[in-house]
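Here is the structure we will look at.
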Amino acid sequence: MILKEIGFKQHLMTAISFFLPIIVASGFLLAIGNLTGGEEIENFKNGFKFSDAMTTMGGYGLSLLPMIVSTAIAYSIADKPGIAPGLIVGMVASGIEAGFLGGIVSGYIAGVVVILLTTYIKVPNWMEGLMPTLVFPFLSTFIAGVIMYYVVGTPITWFTELITTYLGNLNTSSLFLYGAVIGVLSSIDYGGPINKVVFAFVFALFSEGIYEPVTVLILASMVTPFGLTIAYFLGKLVKKNIFNKQEITTLKTAFPMGICQITEGCFPIVLNDLGRNIIATGIGGAIGGGLSMLWGADSHIPASGMFALPTMTKPLSFIFALLIGSLATAITILILKKRVDVNEEIVIKEKKEEEDVSWDDLKIS
């Protein structure tokens with residue numbers, strides 16, 4: 001019963017929101033360091049360059065991600081008692097080279113163990129003060145660590161190596177197909193739970209040195225703002241306007257946000273006609289994602305939109321794939337949506353304010 005109430009997806013979403021800023025910060029530091037010729041600092045006493053400091057800091061952040069995600073998930077499940085086992089068992093996942101997937105699994109193991117211990121272990125009143133600071137941290141870390149080392153560690157490591165080898169040997173048609181699938185799933189819920197689950201998967205590959213899938217996700221998150229903006233200008237050429245005045249104003253904000261891989265700026269437009277926008281976004285995400293994977297676009301940081309270009313070995317592949325995917329979105333939405341008057345505005349009905357009660361009219365007979 002307790003395990004049914006844990007809500008596994010909820011805690012993964014929480015963990016992603018926790019570690020995403022760390023990924024972005026680490027990725028930018030690493031990108032700056034690599035672009036300026038930085039190397040990892042081996043011996044601090046021997047001196048180092050500024051670029052070396054950037055590269056080293058970025059590497060530290062990304063190398064600690066199994067521990068970070070494990071701690072975040074365990075904390076989300078068990079609150080503060082989950083921090084110690086989540087952190088230590090996350091380091092176990094890193095130590096046995098189970099990678100990002102190992103960090104996710106270790107976080108769930110640590111959190112569930114804490115929940116079970118706190119639920120079923122009953123002690124006298126005089127021992128209650130020792131439980132959260134001594135007994136639970138030790139027991140939960142011990143049990144979760146043993147499970148990680150002796151039960152699930154080896155299968156996770158094997159599974160990670162299997163996926164890495166499989167994706168490294170994909171042929172041309174399979175590359176496009178996988179890119180298209182990732183592109184569709186990454187784009188159609190506009191940064192929602194599906195996108196975050198896909199991110200967890202592609203980032204697991206990213207942590208193993210496979211950069212193309214996470215690059216597809218970056219592209220798919222940008223297809224909607226780019227596609228809608230292109231649709232506006234194409235509409236002018238073909239004399240078919242599909243945006244009202246408010247939506248055109250929204251585009252002025254949504255496009256620059258899209259450059260930074262922020263899709264949420266498009267919400268006021270998307271939500272006005274959700275069905276057609278999902279179809280257009282899915283088509284653009286599939287085409288752009290498939291081409292990006294096929295052409296080998298490879299961002300070495302897992303987010304940040306166009307700012308990831310300097311880290312790619314094939315930046316033009318990413319740009320062309322993004323433009324083609326966005327153009328597909330634009331053409332699709334132009335075909336699906338009806339022509340509207342540019343001056344048309346969405347009328348928002350406001351609740352009529354209730355009249356103030358006047359006590360002067362109250363009479364007591």
Exercise. Rounded to the nearest 0.5 Å, what separation is found between the CG atom of L228 and the CG atom of N277?
Worked result: 5.5 Å

Exercise. Any donor and acceptor pair, going by atom type alone, linking the side chain of S94 with main-chain N or O of G90 inside 3.5 Å?
Worked result: no

Exercise. Does the S186 side chain pair with the main chain of G183, one donor and one acceptor, at a distance under 3.5 Å?
Worked result: no

Exercise. Are L29 and L309 linked, directly or through other ILVMFWY residues, by side chains that come within less than 4.5 angstrom of each other?
Worked result: no

For this session: Please answer whether the main-chain N or O of T311 pairs with a side-chain N or O of H300 as donor and acceptor at a distance below 3.5 Å.
Result: yes

For this session: Using the six-membered ring wherever Trp is involved, compare the ring planes of F100 and F203 and label them parallel, tilted or perpendicular (cut-offs 30° and 60°).
Result: perpendicular

Problem set entry | Side chain S187, main chain G285, donor-acceptor under 3.5 Å | no

Exercise. Between the side chain of T329 and the main-chain N/O of G325, is any donor-acceptor distance below 3.5 Å?
Worked result: yes

For this session: Of all the heavy-atom pairs spanning S326 and I230, show the shortest one and how long it is.
Result: CB-CD1, 3.7 Å

Exercise. Counting only N and O atoms by type, is there a donor-acceptor contact under 3.5 Å from the side chain of E161 to the main-chain atoms of W158?
Worked result: no

Problem set entry | ILVMFWY cluster, I319 and F255 together (side-chain gap under 4.5 Å) | yes

Exercise. Does the side chain to side chain contact (heavy atoms under 4.5 Å, CB included) test come out yes or no for M148 and I109, once each step is laid out?
Worked result: CA-CA 8 Å; M148 198 67 198; I109 292 173; 4.2 Å; yes

Exercise. So V214 and L205, side chain to side chain contact (heavy atoms under 4.5 Å, CB included) or not? Walk me through it.
Worked result: CA-CA 8 Å; V214 80; L205 300 175; over 6 Å; no

For this session: Determine yes or no for a side-chain-to-main-chain donor-acceptor pair under 3.5 angstrom, with D52 supplying the side chain and G38 the backbone.
Result: no

Exercise. Looking at T250 and G265, what are the two nearest heavy atoms and their distance?
Worked result: CG2-O, 3.3 Å

For this session: Carefully, step by step, assess F18 and T71 under the rule side chain to side chain contact (heavy atoms under 4.5 Å, CB included).
Result: CA-CA 10 Å; F18 271 41; T71 306; over 6 Å; no

Problem set entry | Separation between CG of L322 and OG of S221, rounded to the nearest 0.5 Å | 10.5 Å

Problem set entry | Whether F48 and F44 hold their rings parallel, tilted or perpendicular, with breakpoints at 30° and 60° | tilted

Exercise. How long is the span from the CG atom in L116 to the CD1 atom in I121, to the nearest 0.5 Å?
Worked result: 9.5 Å

For this session: Answer whether the closest heavy-atom distance between the side chains of I210 and V202 falls below 4.5 Å.
Result: no

Problem set entry | pair M54-L30: side-chain heavy atoms closer than 4.5 Å | no

Exercise. Taking atom types as modelled, is there a side-chain donor on T215 or D298 under 3.5 Å from an acceptor on the other?
Worked result: no

Exercise. Is the backbone of L334 close enough, under 3.5 Å, to the side chain of K240 for a donor and an acceptor to pair up by distance?
Worked result: yes

Problem set entry | Stepwise side chain to side chain contact (heavy atoms under 4.5 Å, CB included) check, F318 with I218 | CA-CA 10 Å; F318 178 83; I218 293 172; 4.0 Å; yes

Exercise. Mind checking whether F243 and I269 have side chains closer than 4.5 Å, heavy atoms only?
Worked result: yes

Exercise. With no hydrogens and no angle check, is any side-chain donor or acceptor of S70 less than 3.5 Å from a backbone partner on P66?
Worked result: no

Problem set entry | Considering all heavy atoms, the nearest V89-T141 contact | CG2-O, 4.1 Å

Exercise. Is it true that a side-chain atom of T56 and a backbone atom of A53 form a donor plus acceptor pair closer than 3.5 Å?
Worked result: no

Exercise. Taking all atoms of both residues into account, what is the closest heavy-atom pair of G227 and A330, and its distance?
Worked result: O-CB, 3.2 Å

Exercise. Are I242 and Y232 close enough that some pair of their side-chain heavy atoms sits under 4.5 Å apart?
Worked result: no

For this session: Quick one: pull up CG in L185 and CZ in F201 and give me the separation to the nearest 0.5 Å.
Result: 10.5 Å

Exercise. Would a 4.5 Å heavy-atom cut-off, applied to side chains only, mark I77 and V114 as touching?
Worked result: no

Problem set entry | Plane angle bin for Y108 and H11 - parallel if under 30°, tilted between 30 and 60°, otherwise perpendicular | perpendicular

Seminar exercise, completed: d(I96 CD1, S106 OG) to nearest 0.5 Å is 8.5 Å

Exercise. Can you find a heavy atom in the side chain of L219 that is under 4.5 Å from one in the side chain of M222?
Worked result: no

Exercise. Taking a hydrophobic cluster as the set of Ile, Leu, Val, Met, Phe, Trp and Tyr residues connected by side-chain heavy atoms closer than 4.5 Å, whether directly or through intermediates, do L101 and L64 fall within one such cluster?
Worked result: yes

For this session: Given side-chain hydrogen bond (donor to acceptor under 3.5 Å, both in side chains), test T224 with T281 step by step and report yes or no.
Result: CA-CA 6 Å; T224 302; T281 298; 3.2 Å; yes

Exercise. How far does CE of M257 sit from OG1 of T263, to the nearest 0.5 angstrom?
Worked result: 8.5 Å

For this session: Side-chain contact test, heavy atoms from C-beta onward, threshold under 4.5 Å: evaluate it for N272 versus Q246 and give yes or no.
Result: no

Exercise. Do the side chains of F226 and I259 get nearer than 4.5 Å, heavy atoms only?
Worked result: yes

